[in-house]
Structure formats: C-alpha cells, structure tokens
Amino acid sequence: MAVRVNDALSKVLREMAHSKRFDAWLWFYLENRGAQFDQSYFYGPGMRDLMANYISNTPGMGDEIKHYSGVNLLPEKMFEWISEGERQCQWLVSYLQKGQNCWLRFPPVRLLNRDLVIAIIDTLQVDLSLKKLAVEGMRNAWDQHVKNDGIFLWFKEEDEESKCELASKWLSNNDGIGSVPQVRPIRSHQELLMHFDQFMISHDKRLLCLFAVKKSWSQKKYRNNLSGKKQYNFILSDHAINRLDKLAKKYDLKRVVVLEILLQMESEKNLYIAEKIKIYKGLEDL
C-alpha cells in the first residue's frame with residue numbers, strides 16, 4: 001500500500017507516495033546496477049536515505065528508475081490472489097526460485113512471505129508480457145497443487161494435534177516417504193501439508209500416509225475403548241441366545257450392551273436372581 005512521504009528519496013525521485021514493494025524493487029535494481037548496500041539497512045530506518053544518496057551521486061539514475069519501474073512492475077491486481085499464508089508463500093518462493101530468470105535466491109532476512117514472492121516476480125529478468133504469463137502460470141500451478149487438499153481435512157478434525165504427531169512419526173519411520181529428521185514434530189494440518197510440499201511427496205504417497213495413519217488411529221481408539229474391559233467366553237443355551245437376540249433387535253442395541261444393562265439393573269434392584277433362587281430351592285424341597 002502506498003503512503004505519503006517527504007524524505008530525501010521522495011525528493012530525488014520527485015514522488016508523492018511510496019510503497020514497501022517499490023522500495024524493495026528499487027533496492028535490488030540499484031544493486032543490479034552496481035550499488036553495494038549493507039543488507040542490514042533493508043527495510044530498516046536508513047534504507048531510503050541510503051538509496052537516495054546513491055541515486056544523487058549517479059548522474060541520470062533518477063530518470064532511468066522512472067523508466068524501468070514502468071517496464072518491470074506489474075499492476076497490483078495481478079497479485080491479489082497471493083495471500084499472507086505461510087504455506088502458499090513458501091511454495092510460491094520455491095516455485096519461482098527454480099526458474100532460470102530468478103536471481104533473488106538469497107533475499108535479505110527482513111523480506112518475508114508475500115513481500116518476498118512479489119519481490120522475486122518484480123526482479124525477474126524478463127519483459128512485462130512474459131512476466132504476466134509467468135504469474136498466470138504460477139497461479140494455475142498453485143491451484144493445481146492444492147486441488148486435492150480436501151481429502152486431508154481429516155487431520156484437521158477432532159484431535160488434530162494427536163493425529164498429526166502420529167503422521168509425523170509414520171513419515172519419519174518410512175523410507176522413501178519423506179523420512180527426513182524433524183526439527184520439531186508436526187502438530188497441525190497446515191504443518192503436515194507444508195511438510196508434504198517441502199519434500200515434494202507425491203499425491204500417491206500422501207494418500208498412503210493418510211490411510212496408514214487412519215488405520216493406526218482406529219487401532220489406537222479401539223485400544224482406548226477396551227480400557228477397563230476384559231473378554232470372557234460363555235456357553236449359552238439356544239433359548240438364552242434367542243432371548244438375547246430378540247432384546248437386542250427390539251431396542252436396537254448390541255448384545256453386549258443388553259447384557260451390561262441387565263447386569264446393572266439386577267445389581268442395583270436385586271429383583272430377579274434372588275427370586276429365581278427361591279423358586280429353585282422350593283422345588284428341591286418338594
């Protein structure tokens with residue numbers, strides 16, 4: 001966004017407003033023309049004064065800058081689709097730096113995210129028509145890259161951090177699937193997608209990771225559900241099994257749930273077993 005300013009550089013260039021984007025482009029343009037700036041000044045308080053001094057001491061440079069800023073800079077609307085999102089910006093930077101026309105491979109430390117993406121585009125060594133095609137091609141490539149992201153939203157649902165940490169462990173333990181030592185565990189859906197991007201993991205291998213982690217997650221949930229439970233084997237008469245099945249069907253419950261309810265009610269009310277024992281004992285006394 002352009003802002004009004006009245007400093008040494010604005011006077012040299014006879015400008016009424018300036019933007020961070022223009023300042024970045026001008027810095028790199030002047031470096032490409034021979035300026036040797038201290039990188040610590042980039043986006044710092046003395047940046048514009050430093051450039052103003054260089055331009056003032058280089059005859060004809062002001063007019064040259066006016067000409068080439070029009071030749072090198074695309075309209076802002078061409079970049080409206082680029083967000084401040086870390087993942088998109090990292091992917092776009094990587095995409096641009098693979099091109100032969102990109103010379104901004106070691107940017108200043110203060111040039112980050114969206115500003116960095118646009119600065120790389122602004123400094124591409126091609127004419128404006130080819131630059132426009134490059135931006136359109138990059139946008140299509142990004143749209144194509146993220147079109148299958150939806151199937152990984154499972155990681156973003158309930159227990160996102162636990163699921164993503166499980167994926168992190170799985171990736172580290174499987175050779176050929178991005179097994180690169182992690183500086184820190186993957187703890188979010190966004191970090192997982194960025195890991196896929198960084199190590200250029202194919203879509204098929206991403207799916208393999210998804211299915212493997214889903215299976216491990218289901219097994220983990222099953223084991224957790226078994227906590228406090230034990231398996232027992234009983235032999236029931238056909239008549240008892242028929243009764244159990246009828247009750248399960250009547251109330252739309254599983255057999256084990258019906259048994260647990262009956263046991264709970266008998267334990268709390270003590271209505272049936274004691275009465276049944278009395279009947280058995282009465283029969284034995286006859």
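Computed from a prediction, not measured in an experiment: that's the story for all the values here.
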Supply the atom-to-atom distance [X] [atom1] to [Y] [atom2], rounded to the nearest 0.5 angstrom.
X      : Y      : atom1 : atom2 : value
His67  : Asn72  : NE2   : CG    : 8.5 Å
Leu13  : His18  : CG    : NE2   : 11.0 Å
Arg87  : Met194 : CZ    : CE    : 8.5 Å
Ile241 : Leu236 : CD1   : CG    : 5.5 Å
Arg114 : Ile118 : CZ    : CD1   : 4.0 Å

Can you give the donor-acceptor pairs under 3.5 Å from side chains of residues 212-220 to other protein atoms, not counting sequence neighbours?
residue : atom : partner : partner atom : Å
Ser216  : OG   : Ala212  : O            : 3.2
Ser218  : OG   : Lys214  : O            : 3.1

Report yes if the side chains of [X] and [Y] come closer than 4.5 Å at any heavy-atom pair, otherwise no.
X      : Y      : answer
Phe79  : Ile121 : yes
Val146 : Leu193 : no
Leu26  : Leu9   : yes
Leu104 : Leu96  : no
Leu192 : Leu171 : yes
Asp115 : Lys20  : yes
Ile186 : Glu165 : no
Trp103 : Thr123 : yes

What pairs with [X] under ring pair (Phe, Tyr, Trp, His ring centres under 6.0 Å), at least two apart in sequence or on another chain?
X      : value
Phe155 : none
Tyr41  : none
Tyr68  : Tyr29

For Glu31, which residues count as a side-chain hydrogen bond (donor to acceptor under 3.5 Å, both in side chains) partner, sequence neighbours excluded?
->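 For Glu31, the residues satisfying side-chain hydrogen bond (donor to acceptor under 3.5 Å, both in side chains) (neighbours in sequence not counted) are Trp27, Gln39.
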With sequence neighbours excluded, tell me which residues meet side-chain hydrogen bond (donor to acceptor under 3.5 Å, both in side chains) with Ser83.
-> Gln88
For the ring pair (Phe, Tyr, Trp, His ring centres under 6.0 Å) test, which of Phe22, Phe37, Phe42 pairs with Phe28?
->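 It is Phe42, the one option of Phe22, Phe37, Phe42 that forms the ring pair (Phe, Tyr, Trp, His ring centres under 6.0 Å) with Phe28.
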Does the side chain of Gln90 come under 3.5 Å of the side chain of Glu86 through a donor N or O and an acceptor N or O?
-> yes
Starting from the C-alpha separation in whole Å, work towards a yes-or-no answer on side chain to side chain donor-acceptor pair (under 3.5 Å) for Asp49 and Asn53.
-> CA-CA 6 Å; Asp49 288 340; Asn53 184 61; over 6 Å; no
When you measure from the side chain of Ser10 to the backbone N and O of Asp7, does any donor-acceptor pair fall under 3.5 Å?
-> yes
Backbone of Lys169 reached by a side-chain donor or acceptor of Ser172 within 3.5 Å |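 Such a contact is absent between Ser172 side chain and Lys169 backbone.
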Is there a path from Phe196 to Leu208 through hydrophobic residues (I, L, V, M, F, W, Y) whose side chains come within less than 4.5 Å of each other?
->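 In one cluster with Phe196: Leu208, yes.
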Linking I/L/V/M/F/W/Y whenever their side-chain heavy atoms sit closer than 4.5 Å, directly or via other members, would Ile120 and Leu128 fall into one cluster?
->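 Yes, it is one cluster - the side chains of Ile120 and Leu128 are joined through contacts under 4.5 Å.
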Which heavy atom of Phe152 sits nearest a heavy atom of His189, and at what distance?
->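 Nearest pair, atom of Phe152 first, then His189: O-CD2, 3.2 Å.
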Can we say Arg21 and Glu76 salt-bridge, meaning some charged N sits less than 4.0 Å from an Asp/Glu carboxylate O?
->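 Salt bridge present between Arg21 and Glu76.
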In plain terms, say whether Lys156 and Glu191 are close enough for a salt bridge, that is, a side-chain N and a carboxylate O under 4.0 Å apart.
-> no
More than 12 heavy atoms from other groups under 6.0 Å of CD on Glu157 |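 Check passes, neighbour count above 12.
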